[in-house]
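Everything below concerns the one structure shown next.
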Amino acid sequence: MKKGSIIFLVIIGIIVLLAVYAIGLRNNIITMDESAESSFKNISVQLERRADLIPNLVETVKGYAAHESAIFTEVAEARSRLLAARGPAEMAEAHGALNSALGRLLAIGENYPQLKADTSFVRLQDELAGTENRIAVARKKYNDTVKEYNTATRKFPASLFGFEQRDYYEPPAGKDVTNVPQVKF
């Protein structure tokens, strides 16, 4: 074989290896992006589960404290905003507003001993607390997945593919969505 043919084959081999590497890298980033999207959907599922519990909780409280109508309206509006929210920032904002309204709703129980003893109310509170924990876990998993994805997309040569950074699920400025409503009976 001629020396020129060998050099040509080596160059072709290097080009093929670089192409295979680039394809693998791009596919890996796409997989990370899909994982981040899946993690975000898990947050949405838990937030919807939480929103589905709220009408039952409101109805239970209404039975004992019907004259507290302002808080019922506030909870309903906050729930609607949460269900309509799209994207991490909007969801975090709506989640914070709902936490605030739920905290006030649950605090009503302090004034109604019969409500505190109602098994439906206690069960709904327990389910709500469990859902809050699931939301926190899903939010952490999402942010961890986004961190991995964002880091990968910023590294060379992956940065040449033009992937956009994803937003973290963070509370809006001045708000803390990690404080879940808690009432101790």
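Sequential numbering from 1 along the given sequence is applied to the chain's residues. Hydrogens, waters and symmetry mates play no part in the numbers below; they use all other heavy atoms, side chains included.
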How long is the straight-line distance from CG of Leu105 back to OG of Ser100, given to the nearest 0.5 Å?
11.5 Å

Report whether Tyr168 and Met32 are members of the same hydrophobic cluster (ILVMFWY, side-chain heavy atoms less than 4.5 Å apart, transitive linking).
no

Taking the side chain as every heavy atom from C-beta outward, state whether Thr131 and Arg134 have any atom pair closer than 4.5 Å.
yes

Interatomic distance, CG@Asp33 vs OG@Ser38, rounded to 0.5 Å, equals 11.5 Å

Hey, is CZ on Arg123 packed in by over 12 heavy atoms from elsewhere, all under 6.0 Å?
yes

If you define the side chain from C-beta out and look only at heavy atoms, does anything of Val75 sit under 4.5 Å from Leu57?
no

Look up atom CG in Leu82 and atom CG in Leu98, then write down how far apart they are to the nearest 0.5 Å.
6.0 Å

Which pair of heavy atoms, one from Ala51 and one from Pro55, lies closest together, and at what distance?
O-CD, 3.0 Å

Would you mind listing every ring pair (Phe, Tyr, Trp, His ring centres under 6.0 Å) that reaches into residues 8-36, with sequence neighbours excluded?
none

With a 3.5 Å cut-off and no angle check, do the side chains of Asn99 and Arg50 form a donor-acceptor pair?
yes

Is the number of heavy atoms from other residues, nucleotides or ligands within 6.0 Å of CZ (Arg26) greater than 12?
no

Judged by atom type as modelled, is there a donor-acceptor pair below 3.5 Å linking the side chain of Thr60 to the main-chain atoms of Asn56?
yes

Count I, L, V, M, F, W, Y as connected when their side-chain heavy atoms are under 4.5 Å apart, and connections chain through other members. Are Phe40 and Ile29 then in the same cluster?
no

Which value, rounded to the nearest 0.5 Å, describes the distance between Glu148 atom CD and Thr31 atom OG1?
10.5 Å

Could you give the distance from CD1 (Ile43) to CG (Leu47), rounded to the nearest 0.5 Å?
7.0 Å

So which atom in Gln46 and which in Ile135 form the shortest heavy-atom distance, rounded to 0.1 Å?
CB-CG1, 3.5 Å

Which pair of heavy atoms, one from Ala97 and one from Arg81, lies closest together, and at what distance?
CB-NH2, 3.5 Å

Salt bridge or not for Asp144 and Arg139, using N-O below 4.0 Å?
no

Using every non-hydrogen atom in the two residues, find where Ser44 and Met91 come nearest and quote the distance to one decimal.
OG-CE, 3.0 Å

Option from Asn150, Thr145, Asn143 for which side-chain contact (heavy atoms from CB on, under 4.5 Å) with Arg166 holds
Asn150

Is Leu102 reachable from Phe121 through a run of I, L, V, M, F, W or Y residues, each pair having side-chain heavy atoms under 4.5 Å apart?
yes

Test item: Pro88 and Glu170 side chains (from C-beta on) under 4.5 Å apart, heavy atoms
no

Is the Tyr142 ring parallel, tilted or perpendicular to the Tyr169 ring (thresholds 30°, 60°)?
perpendicular

Could you give the distance from NZ (Lys41) to CD (Glu34), rounded to the nearest 0.5 Å?
10.5 Å

Evaluate the side-chain proximity of Ile7 to Ile11: yes if any heavy-atom separation is below 4.5 Å, no if none is.
yes

Would you mind reporting whether Ile71 and Val58 have side-chain heavy atoms less than 4.5 Å apart?
no

Side chain to side chain contact (heavy atoms under 4.5 Å, CB included) between Asp126 and Val122, intermediate numbers included
CA-CA 6 Å; Asp126 288 344; Val122 172; 4.1 Å; yes

Specify the closest pair of heavy atoms between Ala158 and Ala152, including all atoms of both residues, with the distance to one decimal.
CB-O, 3.2 Å

Examine Phe163 and Val146 and state if one hydrophobic cluster contains both, with Ile, Leu, Val, Met, Phe, Trp and Tyr joined whenever side-chain heavy atoms are less than 4.5 Å apart.
no

Do Gln165 and Thr153 meet the criterion of a side-chain donor-acceptor pair at a distance under 3.5 Å?
yes

If you define the side chain from C-beta out and look only at heavy atoms, does anything of Ser39 sit under 4.5 Å from Lys141?
yes

Do Ile14 and Leu18 come close enough that some side-chain heavy atom pair is under 4.5 Å?
yes

Any link between Tyr149 and Ile30 through a network of hydrophobic side chains (Ile, Leu, Val, Met, Phe, Trp, Tyr) touching at under 4.5 Å?
yes

